There are 2 protein chains.
Amino acid sequence: MTERQSQPVSSPSSPQRRRGKNGDGDKRHDAIYRAISDAIIEHRLKPGARLREDALSDVFGVSRTGIRKILQRLALEQIVTLTPRRGASVTRPTADEAKDVFDARQMIECGLMEAVARRITAADIDELRDMAKRERDALRVGEQSTAIKLSAAFHERLAQLSGNATLADFVARLCSRSSLILAVYGSSGHLGCESHDHDELVRHLEAGDGERAKTFMSRHLKTIESSLSIVEEEDQTPDLYRIFAE
Amino acid sequence: MTERQSQPVSSPSSPQRRRGKNGDGDKRHDAIYRAISDAIIEHRLKPGARLREDALSDVFGVSRTGIRKILQRLALEQIVTLTPRRGASVTRPTADEAKDVFDARQMIECGLMEAVARRITAADIDELRDMAKRERDALRVGEQSTAIKLSAAFHERLAQLSGNATLADFVARLCSRSSLILAVYGSSGHLGCESHDHDELVRHLEAGDGERAKTFMSRHLKTIESSLSIVEEEDQTPDLYRIFAE
DNA sequence: GTCAACGAAAGCGTATACAATGGGGTCAGA
DNA sequence: TCTGACCCCATTGTATACGCTTTCGTTGAC
């Protein structure tokens, strides 16, 4: 749609003073958004990491204006924190936030299971199985980053299958934030979802048993949450910020 | 709200080349955000209304940069639609979106009632009663705009009382979008919530009866939804966008 | 008379420039 | 040596300028 089929006349006299990337439109911005978002979700950017606008604009070759737009979007999704004069950094969720997020997932994801079981098709089941398999493979090879992202993608896709785009969007947000929570409070040993859980969940959905899928999802989420060690570690670098300010 | 009361100190030596509003920080932006958001929620800006950046920057006295930031935020909350080269306009929800929003409200707001009933205090009850009363008063006087906003505020406050900030935020989003849905699909006679419903809801919460509050909230939302006449009226200005593109 | 094509204007997208604030480093004094 | 204050630099906040796309109006031709 945005591709120029007609060769632009573009007065040949004008030397390209711009870095000649005007044609892309906002495709570029979306790509950058996803690049940063993925890096955060995959824990390649850890909570607390600073995201300087200059550095990002250098890396991606767009000016700070575009970077700021992306950063604001990430901030609204609460995976980046925008401190007024200090710039952006990867959000470090508090224990309260972690509890809220998992409670919200309990309510929404479990509540969605019934609709998913009703509407799911054979192709959907294949897709979910494939995602679960790729997640397992990634885990086996040791690619934790990929596994984390695939795990979140599984939950997101599941929510989409409910047919409710709004709630699916909420779930996507919650999954992103969950990834951050795992980065902060998760023990490094396992990273949240056991992929066998995902397989079993698909099995229940295939059987059309929404009720069982719901209870299983509830247990699944509880398992993840209880595997976290949610203790506001105020040890090194006592984080006086959280104690007094905020 | 939008009037600048305090003349900025604006170092006397420097000739005010800027329009001397540097002191405020981003308080100003938040005020503008709320001004636009309120105008939309109160139906003073109707769905489909165009929001030109130049005009807004003139009205509020900030440059287009700040306006764009605010518009993006509103777009992410889905009460403003950002068409790539056409600018911003107040979102006109589709019938599908309307259904999604009300289904989501059913799930989340009803699911929250139990926690609210458990945690609510006497002061909270007084506050809710006051809000319900002000809503009724506004309706009686004929101030529909105020009534609409108060109704949304009631639901938002209720969600906040659950203690889950994340879900409360979701509810706030859903209420904003609901206001848009009412603007498009609501019959002009009544505007969604009957304020007596809110009073009865508070009564159940006061009694600590979360179960009954939950079922009542469910019926309350169903009443609102069924009062809508959700028919994609493709009459005037046939909205060819939705038919072909998108 | 109608349709199409060209031109001008308006409005959005992006970059860059400038100002202000906060932090860190250094120097001085106790 | 430690503490406090001051200054400079790094980094963000905001505005403005410029180019491009889109749209609307006008004119010409069929």
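Quantities reported herein were computed from a predicted structural model and do not represent experimental measurements. Chain letters run A, B, ... following the sequence lines, proteins first, then strands; residues in each count from 1.
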Distance check needed: [N] [atom2] versus [X] [atom1], whole Å only.
{"X": "I32(B)", "N": "dA15(D)", "atom1": "CD1", "atom2": "C1'", "result": "14 Å"}
{"X": "I70(B)", "N": "dA15(D)", "atom1": "CD1", "atom2": "P", "result": "10 Å"}
{"X": "I67(B)", "N": "dG13(C)", "atom1": "CD1", "atom2": "C1'", "result": "16 Å"}

In terms of side-chain heavy atoms of T65(B), which of dC12(C), dA15(D), dT23(D) is nearest?
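Closest nucleotide to the T65(B) side chain: dA15(D).
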By nearest atom, which of the nucleotides dA15(C), dG13(C), dT12(D) is closest to the R68(B) side chain?
dG13(C)
Quick one: is [N] close enough that its OP1 or OP2 comes under 4.0 Å of any side-chain N or O from [X]?
{"X": "R85(B)", "N": "dG13(C)", "value": "no"}
{"X": "R86(A)", "N": "dG22(C)", "value": "no"}
{"X": "K69(A)", "N": "dT14(C)", "value": "yes"}

Less than 4.0 Å between a side-chain N and a carboxylate O, is that true for D100(A) and R105(A)?
no
Output yes when a side-chain donor or acceptor of S151(B) lies under 3.5 Å from a complementary backbone atom of A147(B), and no otherwise.
no
State whether the side chain of R73(A) and the backbone N or O of R73(B) hold a donor-acceptor pair below 3.5 Å, judged by distance alone.
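Checking the backbone N and O of R73(B) against the side chain of R73(A), no donor-acceptor pair under 3.5 Å is found.
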Mark yes or no for a side-chain to base donor-acceptor pair under 3.5 Å between R64(A) and dG13(D), with no hydrogen or angle criteria applied.
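Pair found.
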